[in-house]
Amino acid sequence: MEIRVGQGIDVHPFCEGRALVLGGVTIPSDRGLEGHSDADVLTHALMDALLGAAGLPDIGHFFPNTDETYRNARSISLLEEVHSEIKEQGWSISNCDITVLAEIPKISPHIEAMKDILSTALEISPDRVGIKATTTEKLGAVGRREGIVASAVVLLFRGR
Ligand code: MG
């Protein structure tokens, strides 16, 4: 059996007048994230981890921010496309693990809903999707509430 690890990181600044979408869940917030798509930073990190593990180019290659097709795109739909891409290459997902760094808002009440959405998109059981959230103890850009950072790792396998 062949196994591969992948990692992905993404950062988006806060902006006003947009919905805050994380892991496909719209979270009540007085601000959203700036970005060409729905700016779902958590899902973007996960997509890059999947693509990296499969040795494929990053999400900027598949979904360029110069392409109007992807303006305000639902990142969960893009994740489904990434999943199809890696499935085509014979890969299955063992598990993925994601950490979100955010000073605001409180992420933990929404983690179960995110796991349901992400695991459905990836056709795996929710226990194969880890999601943790932490603050940066008021340090740095995240600590100043300027945006949100997400980091993801995945393990893929194929063959027997
Ligand atoms: Mg992004």
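Order of appearance sets the numbers: ligands from 1, and atoms from 1 within every ligand. No hydrogens, no waters, no symmetry mates; every other heavy atom, side chains included, goes into these values.
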Considering all heavy atoms, the nearest Ile117-Gly24 contact: CD1-O, 3.6 Å

Chi angles and distances behind the side chain to side chain contact (heavy atoms under 4.5 Å, CB included) call for Leu22, His110: CA-CA 9 Å; Leu22 289 176; His110 308 285; over 6 Å; no

Contacts table for residues 7-16: side-chain donor-acceptor under 3.5 angstrom, sequence neighbours left out:
unit_1	atom_1	unit_2	atom_2	d
Asp10	OD2	His12	NE2	2.9
Asp10	OD2	His44	ND1	3.1
His12	ND1	Glu34	O	2.7
His12	NE2	His44	ND1	3.3

For the Mg ion (ligand 1): protein N/O/S atoms at distances below 2.8 Å: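 Protein N, O or S neighbours of the Mg ion (ligand 1) under 2.8 Å, waters not counted, come to 3.
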
Heavy atoms from other residues, nucleotides or ligands near CD1 of Ile3 exceed 12 (cutoff 6.0 Å): no

Sidechain-backbone polar pair: Arg145 side chain, Glu103 backbone, donor-acceptor under 3.5 Å: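 Between the backbone of Glu103 and the side chain of Arg145 there is no qualifying donor-acceptor contact (under 3.5 Å).
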
Short N-O contact, Asp40 and Arg74, less than 4.0 angstrom: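 No.
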
